[in-house]
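Computed from a predicted model, the values in this text were never measured in an experiment. Reckoned from all heavy atoms, side chains included, excluding hydrogens, waters and symmetry mates.
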There are 2 protein chains.
Amino acid sequence: MANTDRSPHTPGRPRGREARYGNRPTMKDVAARAGVGLKTVSRVVNSEPGVTPDTERRVQEAIESLGFRRNDSARVLRKGRTASIGLVLEDLADPFYGPLSRAVEEVARAHGALLINGSSAEDPDREQELALALCARRVDGLIVIPAGHDHRYLEPEIKAGVATVFVDRPAGRIDADTVLSDSFGGARAGVAHLIAHGHRRIGFIGDQPRIHTAVERLRGYRTAMRDAGLTVSDDWISLGSTAPERVRSAVEGMLSGPEPVTALFAGNNRVTVTAVRALAGSERRTALVGFDDIELADLLGITVIAQDAAALGRTAAEQLFRRLDGANGEPVRVALETVLIPRGSGEIRPPGGRPDPVTPPVR
Amino acid sequence: MANTDRSPHTPGRPRGREARYGNRPTMKDVAARAGVGLKTVSRVVNSEPGVTPDTERRVQEAIESLGFRRNDSARVLRKGRTASIGLVLEDLADPFYGPLSRAVEEVARAHGALLINGSSAEDPDREQELALALCARRVDGLIVIPAGHDHRYLEPEIKAGVATVFVDRPAGRIDADTVLSDSFGGARAGVAHLIAHGHRRIGFIGDQPRIHTAVERLRGYRTAMRDAGLTVSDDWISLGSTAPERVRSAVEGMLSGPEPVTALFAGNNRVTVTAVRALAGSERRTALVGFDDIELADLLGITVIAQDAAALGRTAAEQLFRRLDGANGEPVRVALETVLIPRGSGEIRPPGGRPDPVTPPVR
DNA sequence: TAGAGCCTGGACAACGTTGTCAGGTGGTTG
DNA sequence: CAACCACCTGACAACGTTGTCCAGGCTCTA
């Protein structure tokens with residue numbers, strides 16, 4: 001009868017090794033096999049000094065024959081850093097976010113960190129759920145493309161040391177590092193470009209008004225129109241979902257009616273694509289400038305306001321790691337320039353319009 | 001003189017709380033604050049039964065006032081499952097992989113798991129480094145789009161219980177679940193389509209020959225040509241990098257020379273894009289069919305062999321979770337159908353070619 | 001040859017959580 | 001009134017790793 005003097009609260013029989021990680025060897029197993037102490041294995045695995053070449057060889061052999069791989073979960077628990085960062089974006093399938101995510105990944109890789117992405121699908125609840133799940137995993141930092149407008153839920157996390165950077169849209173109700181494109185300036189320049197080519201009735205089709213960039217771009221549109229002394233009709237403005245049906249009917253609405261527009265400004269890449277399709281079916285040649293560059297837009301001759309998605313991601317990630325490396329100061333706000341790329345569609349003149357005397361301003 | 005009876009190996013003074021996770025409260029802190037035991041907090045956090053409403057309320061209050069969030073690293077260590085899966089792909093910025101990744105994410109989400117992606121940049125070493133890093137994080141499963149041809153390095157991991165599925169390209173030297181598109185069949189159908197429209201001299205421009213899909217598509221091309229009784233000249237085939245310069249010069253080479261091709265088959269989306277650009281500058285109308293659909297290809301009238309990237313990702317992820325749910329049996333191999341979408345560029349007839357008597361086969 | 005110093009290796013606790021078991025309380029039943 | 005039961009709560013160990021400290025063997029010097 002062994003084990004008479006068990007401690008008062010003996011746990012049940014320990015679960016067999018087979019229940020965990022499908023029976024993975026641990027450092028203890030490696031140590032036993034190599035005939036050394038546990039800590040020596042740890043030293044070898046982490047390339048720490050103080051191990052004789054001979055011992056190291058024995059340990060390496062044991063590692064290989066057992067197929068050991070360090071359990072980073074345990075390591076994280078002990079060290080307090082996970083070497084991973086989280087990225088919450090809208091939709092990884094959107095060609096705008098792919099390059100952004102990739103740029104973040106490259107910076108993370110340079111800092112030895114892995115990237116966990118999640119798509120919010122433009123749903124604030126899902127954004128919060130994702131961001132908090134990443135915090136529970138103890139990511140070292142968080143890059144968020146906001147879907148919602150209230151990020152106070154992140155305050156405890158930030159206070160607890162999770163570096164946080166917002167990209168593409170500003171944070172709501174908290175003060176934090178932010179990297180944006182100049183939506184306002186870009187849209188203003190694009191609309192001014194159309195005006196310079198003789199257009200007076202210009203339509204604006206944008207994303208939902210709860211999205212910051214949509215509002216900013218609309219503001220750019222209004223400013224350009226006002227600067228040119230043009231009055232804007234409500235019929236020329238349409239904000240809402242970027243679903244193809246919605247955009248298509250908006251385009252058709254603006255082109256019919258008593259006072260049809262002669263040019264369109266598309267608020268983002270989704271809108272541009274659908275607008276181009278809608279216009280392709282029309283016999284009238286309508287001018288178009290779109291926000292965001294699109295692949296093959298060069299061949300289709302679509303004039304765009306290009307923003308650099310990769311630069312957004314890279315800049316945000318660099319700021320994040322600056323914080324992780326100890327930079328603490330006031331929140332930083334960066335706005336990246338946009339570039340107008342004339343390719344033809346934005347240089348179409350209105351019906352009956354005469355050639356313009358001045359060269360259009362191209363930024 | 002306190003602490004006379006310290007244990008023999010007294011560790012140094014414990015690091016202050018501030019050094020870890022930036023001073024985060026733990027369940028112990030919550031328990032102290034709520035005046036309950038540690039385990040009771042755990043029960044509340046995990047919604048386990050057996051807690052009085054009153055106790056639960058006290059604990060909840062303590063959680064909120066402290067801003068507590070469960071440390072999933074510790075949880076993982078204890079439970080042995082991370083509820084996360086890894087995806088190793090080539091380049092998240094490629095419009096083919098964005099939707100694939102997103103589809104995987106959606107399936108993971110439905111199973112309560114997070115997704116960690118990494119880009120291999122088509123480098124076998126980097127693929128291995130990434131995959132093993134993910135294994136060290138103890139992801140429950142791994143989806144790999146192989147860059148290399150030898151995946152024996154994953155054997156210990158798979159044996160240890162990491163469910164693994166290969167997508168888009170088969171695994172090398174190991175037997176594992178695989179989800180592919182029918183590259184061979186798709187390419188054969190595309191080339192047959194060109195032949196049916198009267199072409200006899202057809203060029204093939206593909207990716208590097210070490211990539212499985214590139215080879216399969218070339219095989220499809222050769223088979224279609226042979227089936228039609230056509231001899232293929234070496235000058236009509238070009239495999240290599242998808243860098244624009246390389247592809248452009250391949251196109252130019254095939255169109256000049258004594259025996260210029262009258263049609264091109266482009267081996268993937270990157271090649272198609274560059275080929276379209278190159279052909280746009282030529283006055284000759286050259287027929288083109290591309291593998292992979294591209295955004296706006298409809299407007300440009302590009303005939304393609306479309307594969308469904310999202311379906312690839314979804315199918316692979318579903319198979320992965322089937323394994324994680326206990327399915328064990330022989331490795332499964334799935335090949336997804338491709339679809340030929342005629343849009344004009346593939347229906348251009350060769351110079352001097354007469355209308356074809358038979359309807360072209362469209363799959 | 002003895003003493004000092006260096007190098008290597010190992011024992012132990014701790015990271016924050018969860019599974020197991022035992023103790024306590026209050027109510028019901030025989 | 002005693003015995004029992006159901007329910008709630010908490011003590012403890014364990015998950016696999018790393019940081020700290022000590023022990024022992026070795027080399028080098030005086």
Let's see if you can work this out: which of [options] has an atom nearest to the side-chain heavy atoms of [X]?
| X | options | value |
| --- | --- | --- |
| Arg78(B) | dT18(D), dG16(D), dG19(C) | dG19(C) |
| Thr40(A) | dT17(D), dG10(C), dT9(D) | dG10(C) |
| Leu77(B) | dT17(D), dC15(C), dC15(D) | dC15(D) |
| Asn71(A) | dT17(C), dT17(D), dG9(C) | dT17(D) |
| Arg75(A) | dT18(D), dT18(C), dG16(C) | dT18(D) |

Exercise. May I ask you to verify whether the side chain of Arg43(A) and the base of dG10(C) hold a donor-acceptor pair under 3.5 Å?
Key: yes

Mind calculating the distance between [atom1] ([X]) and [atom2] ([N]) to the nearest angstrom?
| X | N | atom1 | atom2 | answer |
| --- | --- | --- | --- | --- |
| Arg81(B) | dT18(C) | CZ | P | 17 Å |
| Met27(A) | dC15(D) | CE | C1' | 14 Å |
| Asp54(B) | dC8(D) | CG | P | 13 Å |
| Glu48(A) | dG9(C) | CD | P | 13 Å |
| Arg69(B) | dT17(C) | CZ | P | 12 Å |
| Lys28(B) | dG16(C) | NZ | P | 9 Å |

Just checking [X]: base, sugar-phosphate only, or nothing, at a heavy-atom cut-off of under 4.0 Å?
| X | result |
| --- | --- |
| Asn46(A) | sugar-phosphate |
| Val51(A) | sugar-phosphate |
| Thr52(B) | sugar-phosphate |
| Val36(B) | sugar-phosphate |

Exercise. Evaluate the side chain to side chain donor-acceptor pair (under 3.5 Å) criterion for residues Arg70(A) and Asn46(A): first the C-alpha distance (whole Å), next the side-chain angles of each, then the deciding distance (0.1 Å), finally the verdict.
Key: CA-CA 10 Å; Arg70(A) 183 180 62 197; Asn46(A) 295 295; 2.5 Å; yes

Exercise. Show your working on side-chain contact (heavy atoms from CB on, under 4.5 Å) between Val107(A) and His111(A) and close with a plain yes or no.
Key: CA-CA 7 Å; Val107(A) 177; His111(A) 286 80; 4.0 Å; yes

Exercise. Could you say whether Lys39(B) or Ser42(A) is positioned toward the 5' end of DNA chain D, judged by the nucleotide with the nearest heavy atom to each?
Key: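 By nearest-heavy-atom nucleotide position, the 5'-most residue is Lys39(B).
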
Practice problem: Establish, with yes or no, whether the OP1 or OP2 oxygen of dG19(C) is under 4.0 angstrom from a side-chain nitrogen or oxygen of Lys79(B). | Solution: yes

